[in-house]
There are 2 protein chains.
Amino acid sequence: MSTNAPAVQGADQASHPSRRRRGPALQEAIFSAVFDQINEIGYARLTMDRIAAAAGTSKAVLYRRWESRESLVLDALRESLPTVPEPPAGQSLRADLLHVLEAVRSAFTVTKGTTFHLVAAEAGGDCRALADERVFVPAHRVILGVLGRATGRGEISAELVTDLIAGIGPALLRSQAIDGPVPDPATVTAIVDEILLPLLTAR
Amino acid sequence: MSTNAPAVQGADQASHPSRRRRGPALQEAIFSAVFDQINEIGYARLTMDRIAAAAGTSKAVLYRRWESRESLVLDALRESLPTVPEPPAGQSLRADLLHVLEAVRSAFTVTKGTTFHLVAAEAGGDCRALADERVFVPAHRVILGVLGRATGRGEISAELVTDLIAGIGPALLRSQAIDGPVPDPATVTAIVDEILLPLLTAR
DNA sequence: TCAATAGGGTACGGATTAGTTTCTTATCGA
DNA sequence: TCGATAAGAAACTAATCCGTACCCTATTGA
């Protein structure tokens, strides 16, 4: 079959033309290729041929592991997304917020800024469900918990513990990820220090 | 050619099987079909066949107007997105913020919540550029202007006139549009009254 | 050393979709 | 009433992509 996958100049392949990768190295190359191709050509034009070529492997290798493009993309996301841990006990409100929003930020950086494209591309998508289940819903819950405990310590008013306010940090990170490049740690700090703390601790 | 476009039960077509539409009515049906199909099957599976079927028309009609799926989708977006007007002079900070954020909100509702999918689906996309040019960049500029004038009136501190703070409202609306359904006017009011005004006017 | 495993390349058939062409006939305005 | 225009249907060709099969050989561990 003639394929119009673009010529590949993968450094690994070029510098080790007969090298074959196995296990984690191969999978890493494949997942990286998925994210790179989405950035380069968009999800709509993503094909198994292009992913294989970008990874310096073959379609047979992909089909040996995944039954479809969709399941590969879902696995790439699943293996990359962070979990959102509860912050350690005894931290300040500021440290807590930084902690959870840093996890949200990494949800964008680990996929080279394509998390949002993956989530948007298919209707009723498994990627969206996964991102929500793994990152956004837990983050929301953790932030509400952080705000609840701050209320308990008398640091903030109880009426500030709302879904809307809890949504500010992730929304700003998402927004930046949409506008790309992916948000950096300074962004998280700015969100906490310039928006959340002033809003929460205003009298 | 055999086509696997789904069977169509468009009410118009069904109730007027020989009725043909022309001009604005036909274009409206086509654009509506674009947004409906994206919600139903996702941008990745959007085809000219499906759009034609959903609109109760034919591919020939589409190709007579647009050279490709991408140009049709871009036109659908272009014809739907609002502009972001300057708010009238002499309004309060609150009224100004409500005014501009309502325009941003409508950028999501006019495309039945698909603005974000359109913007995400193609790399380096024209849809993204259009949405930025028509809505997001002007909204940002207008909000900075609104904040600047509030500073001039002594209502808020000058150091609150930042890109980050100006980004809050659109980011929250975007976030809601991603999570769907599309944001409603109460959301805009809540953003202004529960977040922006408290943040801006805190002492 | 050697056999099992699987990576990588390539060819293939089939399905899907793009895009074009032809035809009939509804629509509309002169 | 009538002719020009174009909507809608359907058939067609071509290109793309999916998914599979086969082959050679690198890799790995017994």
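Reminder, nothing fancy here: chain letters follow the sequence lines and each chain counts from 1.
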Whole-Å distance separating the [atom1] atom of [X] from the [atom2] atom of [N]:
{"X": "B:I51", "N": "C:dG19", "atom1": "CD1", "atom2": "P", "result": "12 Å"}
{"X": "A:M48", "N": "C:dT10", "atom1": "CE", "atom2": "P", "result": "19 Å"}
{"X": "B:D49", "N": "D:dA11", "atom1": "CG", "atom2": "P", "result": "13 Å"}
{"X": "B:L62", "N": "C:dT17", "atom1": "CG", "atom2": "P", "result": "15 Å"}
{"X": "A:R22", "N": "D:dT28", "atom1": "CZ", "atom2": "C1'", "result": "6 Å"}
{"X": "A:Y63", "N": "C:dC12", "atom1": "OH", "atom2": "C1'", "result": "14 Å"}
{"X": "B:R20", "N": "D:dA7", "atom1": "CZ", "atom2": "P", "result": "9 Å"}
{"X": "B:R45", "N": "C:dA18", "atom1": "CZ", "atom2": "P", "result": "13 Å"}

Can a salt bridge be assigned to the pair [X] and [Y] using a cut-off of 4.0 Å between side-chain N and carboxylate O?
{"X": "B:K112", "Y": "B:E40", "value": "no"}
{"X": "B:E79", "Y": "B:R65", "value": "no"}
{"X": "B:D193", "Y": "B:R94", "value": "yes"}
{"X": "A:E122", "Y": "A:R128", "value": "no"}

* Asked: So what does A:R65 touch, heavy atoms closer than 4.0 Å: a base, only the sugar-phosphate, or nothing?
  ->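 Counting heavy atoms under 4.0 Å across all strands, the contact made by A:R65 is with sugar-phosphate only.
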* To do: Could you check B:A60 against B:R69 and say which one's nearest nucleotide on DNA chain C is further toward the 5' end?
  =>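 Looking at the nearest nucleotide for each, B:R69 comes out on the 5' side.
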* Asked: Can you name the residues that form a side chain to side chain donor-acceptor pair (under 3.5 Å) with A:T162, not counting sequence neighbours?
  ->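 With sequence neighbours excluded, A:T162 shows a side chain to side chain donor-acceptor pair (under 3.5 Å) to no residue whatsoever.
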* **Options C:dA6, C:dA18, D:dA7, nucleotide nearest the side-chain atoms of A:R64** =>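 Closest nucleotide among those given: C:dA6.
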* Where the side chain of B:T47 is defined as all heavy atoms beyond and including C-beta, which of C:dG8, C:dT17, D:dA7 is the nearest nucleotide? ->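 Looking only at side-chain atoms, B:T47 lies closest to C:dT17.
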* Asked: Can B:T109 and B:S106 be counted as having a side-chain donor-acceptor contact under 3.5 angstrom?
  ->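 Short answer, no.
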* Does a distance-only test, which skips hydrogens and angles, find a donor-acceptor pair under 3.5 Å between the side chain of A:K59 and the base of D:dG19? ->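 Such a pair is found, so the answer is yes.
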* **Below 4.0 Å: OP1/OP2 of D:dA7 and any side-chain N or O of B:T57** =>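 Indeed not, no polar side-chain atom of B:T57 lies that close.
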* **Pair listing, ring pair (Phe, Tyr, Trp, His ring centres under 6.0 Å) test, anchored in residues 59-87 of chain A, at least two apart** =>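 Found A:F31-A:W66.
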* Give the angle between the helix axes at the two ends of the helix from C:dT1-D:dA30 to C:dA30-D:dT1, taking five base pairs at each end and rounding to 10°. =>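 The angle, to the nearest 10 degrees, is 30°.
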